[in-house]
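Presented below is the structure to which this report refers.
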Amino acid sequence: MTEPLAPQYDPSRIEADLYRRWVEAGLFEARRPRPGRGRGRAASPYVIMMPPPNVTSVLHMGHGLNNTIQDVLIRFERMRGREALWLPGTDHAGIATQNVVERILAREGKTRFDLGREAFVERVWAFVRETGAAILDQLKAIGASADWSRTYFTLDPRMSRAVREVFVRLYEKGLIYRGNYIINWCPRCLTALSNEEAEKEEQDGRLWHVRYPLERGGHLVVATTRPETMLGDTAVAVHPDDARYRELVGTMVRLPLAERPIPIVADPGVDPEFGTGAVKVTPAHDPLDFEIGRRHGLPALDVMTPDARMNDDVPERFRGLDRFEARKRVVEELERLGLLERVEAHRHAVGRCYRCDTVVEPRLSEQWFVRMKPLAEPALAAYRTGKLRFIPERRGEEYAQWMENIRDWCISRQLWWGHRIPVWYCERPGCGKVTASREDLTACPGCGGPVRQDEDVLDTWFSSWLVPFSSLGWPDRTPDLAAFYPGDVLVTAPEILFFWVARMVMAGCEFMGEPPFHTVYLHGTVRDTQHRKMSKSLGNGIDPLEVVGRYGADALRYTVVAGMAVGTDLILDPKDLETSFAPGRNFANKLWNAGRFILSNLDGPVRPLPSFYRDGRPSPELTLADRWIIARCERAVVEATEAYERFRLNEAANAIYHFIWSDLADWYIEAIKPRLYGDVPGGEVARAVVTQVFDVALRLLHPIMPFITEALWQRLPGRSARSSIMRAPWPRSDRRAEDPAALREFELLQEAVSAIRSIRAEYGVAPGQQVEAGVTPGPSPFRHVFAAEWELLRRLAKVASPAPVDGDGRRSVATAVLSDGSEVFVSLEGAIDIRRECSRLNAERQRLLALIESQEKKLRNEQFVTRA
RNA sequence: GGGCGAAUAGCUCAGCUUGGUCAGAGCGCCUGCCUUACACGCAGGAUGUCGGGGGUUCGAAUCCCUCUUCGCCCACCA
């Protein structure tokens, strides 16, 4: 324990070791409040649900940012005495994980169909077990103090129980239904996607104007962005009030290429302003067309295969063509037939698969849906009544808007990896019973006939939206559930506000009767210097583990916390880690060295001060510098605490940084050196004060920089490697410490010193030259200046008692005579710098002149008005 | 098409809710220092008409209007 501390702080030597000790001591594990065990009134627990990362994911800066923020909040509240539960888990992430394994299979020249469903799922399980949620271990490297003893996986059997329970309950309530709708289909993943999973992206495209020959002669021109879908047209629609087409309604056109007659219908969904005001209707490939088709009883003709090739319902020459290939061929043929009137550039939004970026195909298919409106109402009410708040606030309106316009949630996915839909169909002809069941069925509950389970699995979010209670044991009434639901804060990136956060609120309201948290803190996105989102595909990512390796976890955490204000993005330069993370590293090193200095100077006698105060007044043993640093410390406690409470983590970081570096290191430690060295009496008090203040600083900083603060804190007198700063109480604010007089007087001294220093700098005299007993090469009057400065630095600790009073009433601490005969006084009344004074007076004069001028102007205007 | 946010030193950003004492931080740059905790440091210094224009006010980075440029979210204009 007594090994000397290296002058260079080396995080790699302490971080892993400290983390292991924290885990071994069980310091991350939340204990359930045990009423009646005499532990006194337990504070209410503080609970954060970690957004479960994908099991197969690799740590990126987004995780780093997200989890650092959560860890800061958790550590803060834990020190404040609340039983803090940060509950981690991993998500099975249906599409993403299945894609990963399919890619591995592809390298072996196989597809999932070669293995078959059962073997494929087993293969994915093997993969997941093998990679072993490495992401969670990576979170440990950045210091995450999550309760690993409660880690869940969204495909665990206990989670499956919750999923089935929810599915069956909603089904029985009539909130889950199966239907034929246009859904977003990913032709590459071969599965349906929810609206949220189909990311809209503006893209330059074209608008083709195509002539559809009227059966009674002439043409009707329709505009389309996707000509290939015309092969599946079953009507043309116009607006009912559109005079141009009124008499055509009810007549037929001949669909080119497919050579089929199709009707012209009138529908209010058509915008007469757009294109030609006539729209081709393809009910199987467009949501609006689907609605029109339904209103008019039109057939839906699906012309594509699941992987978006033209199927057998199109003329033979198009069959098997990829949709974009088919588009080219269709356009070419139309052109040859003279049916292409014109083409114009057109910018429009296309949906892309959020996982593989493939352009989604709106496709008619039978899927399972959740009726969302009844679920959304209580979730919206929770926001409106203030039971749920957002930081930043404006996100609340986004949430409300989404809730108000909510659409049903397509929950079936044509994948194999996931929670299989707990629905069984009776295979006995004539029965056809459909049963949703909590238990696996082997026979139809209606007729006893053979049953077949639905082939599809549930959207991965169907398990994640239950996490706030399923991870605590729901549907059982477990002690954990009773103790830790509802939680407090949800910290996440805005991207998954609708995917996850909104749905968790809905599930919480529906199944637990209240939202799972009261605050949603949405932080920004990590971007590069060109404000592009960091991503693997762009190659502009920063590997947090590399940062940890080079600068330490504390430096990483400091950077992301200090670098981001509420509601803004975090910009980092992937090409210049030094610039981004050196401040954190430098700060850690500064703190380390301050600690080294303090610890190595505690050998001497320490006067244990039971309190710095006697009868509410500062003890007379405290010098001005002591009282000042205690007051600054008090201010830091208040500012940091308030900033943490308000999620202003950057403000907390800045306040603590400034206190430690500018106040404690730059001034106080310098000021007490003469006392510590024994040049001046009072060393024992200085030791007591500096220990106390340093202890507080470490505790304030601990949530942000847990490792270095722990390493230093354990070395303070009376502590051991077994004690942990994690269990140290949060510093309490003490109003007696505010001491405005000490602040004011010490600040005057600081000003005095700077004034003297700048005078010295201006005349180019180096401090080293002062050593020769006032003999300086510069103009001789300045030797007073040197003497004063050095004396001042040495004696900061002693000047609390009144200095001698000059003839004119000033209590001078230092005096400087300029070569022009003018003087700079430095006194406890005020540090007067002649230049500052002049500029102040000048500014005052300017202000008065401006005031007079504007008053005159006003007067003139009034006179003018009066005259007029 | 709607809604929202941002524009402050070379770079990354605070400050704006509650107008004056706020023009700031870190990095970078310049000068001088290896002063017995720290050169990942110390002490000084330069740099901004707070995006443009207008308004309210005795006074605006801060409030209002407008323009410009970026960015985000929502939306079934084929």
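Remember, predicted model here, so these are calculated numbers, not experimental data. In what follows, chains carry the letters A, B, and so on, assigned in the order in which the sequence lines appear, proteins first and then strands, with residues in each chain numbered from 1. Computed over heavy atoms, backbone and side chain alike; hydrogens, waters and symmetry mates excluded.
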Atom CG of A/Asp286 and atom C1' of B/rA75: how far apart are they, to the nearest Å? 14 Å
Looking for any heavy atom pair under 4.0 Å, which part of the strands does A/Asp666 touch: base, sugar-phosphate only, or nothing? sugar-phosphate
A/Trp661 vs B/rA37: side-chain N/O to OP1/OP2 distance below 4.0 Å: no
Let's test this: given Watson-Crick or G-U wobble pairing with both distances under 3.5 Å, identify the partner of B/rU49. none
Looking only at atom P, what distance separates B/rC40 and B/rG28, rounded to whole Å? 11 Å
Could you work out the separation of B/rG54 and B/rA61 based on their P atoms and round it to a whole Å? 14 Å
If the cut-off is 4.0 Å, is A/Arg395 near the phosphate of B/rG5, judged by side-chain N/O to OP1 or OP2? no
Presence of A/Tyr677 side-chain N/O under 4.0 Å of B/rA37 phosphate oxygens OP1/OP2: yes
Here the distance between atom P of B/rC42 and atom OH of A/Tyr668, to the nearest Å, is 19 Å
Just name whichever nucleotide pairs with B/rC70, Watson-Crick or G-U, keeping both distances under 3.5 Å, else none. B/rG5
Rounding to an integer number of angstrom, what distance separates B/rG20 and B/rC38 when you compare their C1' atoms? 41 Å
Would you say a side-chain N or O of A/Lys673 is under 4.0 Å from OP1 or OP2 of B/rU35? no
Heavy atoms under 4.0 Å, any strand shown: does A/Ala582 hit a base, just sugar-phosphate, or nothing? nothing
Indicate, with a heavy-atom threshold strictly under 4.0 Å, whether A/Arg648 touches base, sugar-phosphate, or nothing. sugar-phosphate
Taking for each residue the nucleotide of RNA chain B with the nearest heavy atom, is it A/Asn405 or A/Gly595 whose nucleotide lies nearer the 5' end? A/Gly595
Nearest-neighbour nucleotide for the A/Lys280 side chain, B/rG26, B/rC74, B/rA78 considered: B/rA78
If you pin A/Pro583 and A/Phe587 to their nearest nucleotides in RNA chain B, which one's is more 5'? A/Pro583
Separation of B/rC40 C1' from A/Asp10 CG (nearest whole Å): 13 Å
Do A/Glu344 and A/Arg206 sit within salt-bridge range, that is, some charged N less than 4.0 Å from a carboxylate O? no
Taking the P atom in each of B/rC63 and B/rG26, what is the distance between them to the nearest angstrom? 26 Å
Selected nucleotide, minimal atom distance to A/Glu651 side chain, candidates B/rC73, B/rC40, B/rG15: B/rG15
Can you tell me the Watson-Crick or wobble partner of B/rG32, both distances under 3.5 angstrom? B/rC42
Determine the interatomic distance between C1' on B/rA6 and the same-named atom on B/rC67; round to the nearest Å. 16 Å
Take atom CG of A/Asn593 and atom P of B/rC40, then tell me their distance rounded to the nearest Å. 11 Å
Taking B/rU17 as the reference, what is the distance to B/rC76 when you measure between their P atoms (whole Å, please)? 38 Å
Flag this pair as yes if the NZ/CZ of A/Lys673 is under 6.0 angstrom from the six-membered ring centre of A/Phe597 and inside a 45 degree cone about the axis; otherwise no. yes
Donor-acceptor contact below 3.5 Å, side chain A/Glu651 vs main chain A/Ala640: no
Given B/rG26, B/rG41, B/rC73, the nucleotide with the shortest approach to the side chain of A/Phe498: B/rC73
Grab the CH2-P distance between A/Trp592 and B/rA37 for me, whole Å please. 17 Å
Could you tell me if the ring centre of A/Tyr383 sits under 6.0 Å from that of A/Phe390? yes
Separation of A/Asn589 atom CG from B/rC40 atom C1', in whole Å? 5 Å
What about A/Gln8: does its side chain form a donor-acceptor pair under 3.5 Å with the base of B/rA39? no
For the residue pair A/Asp267 and A/His239, confirm or rule out a side-chain donor-acceptor distance under 3.5 Å. no
I want to verify a distance call: between B/rA14, B/rA37, B/rG41, whose nearest atom is closest to the A/Asn586 side chain? B/rG41
Regarding A/Tyr212 and A/Asp233, do their side chains bring together a donor and an acceptor under 3.5 Å, going by distance alone? yes
Taking atom C1' in both B/rG55 and B/rG19, what distance in whole Å separates the two? 15 Å
Looking only at side-chain atoms of A/Arg407, point me to the closest of B/rC74, B/rA37, B/rA75. B/rA75
Pair A/Arg211 + A/Glu341, salt bridge at N-O below 4.0 Å: yes
d(CG, A/Asp408; C1', B/rC76) in whole Å: 15 Å
Under a 3.5 Å cut-off for both contacts, is B/rA14 paired Watson-Crick or G-U wobble with anything, and if yes, with which nucleotide? none
Using a cut-off of 4.0 Å on non-hydrogen atoms, how would the nucleic acid contact of A/Val270 be classed: base, sugar-phosphate, or nothing? base
Can you measure A/Glu398 atom CD to B/rA75 atom P for me and round it to whole angstrom units? 11 Å
B/rG51 and B/rC13: how far apart are their P atoms, nearest whole angstrom? 15 Å
With sugar-phosphate meaning primed atoms plus P, OP1 and OP2, does A/Arg585 contact a base, only sugar-phosphate, or nothing at under 4.0 Å between heavy atoms? base
Using a 4.0 Å heavy-atom cut-off across all strands, classify A/Ala665 as base, sugar-phosphate, or nothing. base
Tell which nucleotide pairs with B/rC77, taking only Watson-Crick or G-U wobble pairs whose two distances are both under 3.5 angstrom. none
Are A/Glu639 and A/Arg648 close enough for a salt bridge, meaning some N to O gap below 4.0 Å? no
Measuring to OP1 and OP2 of B/rG26, would you say a side-chain N or O of A/Asn654 lies under 4.0 angstrom away? no
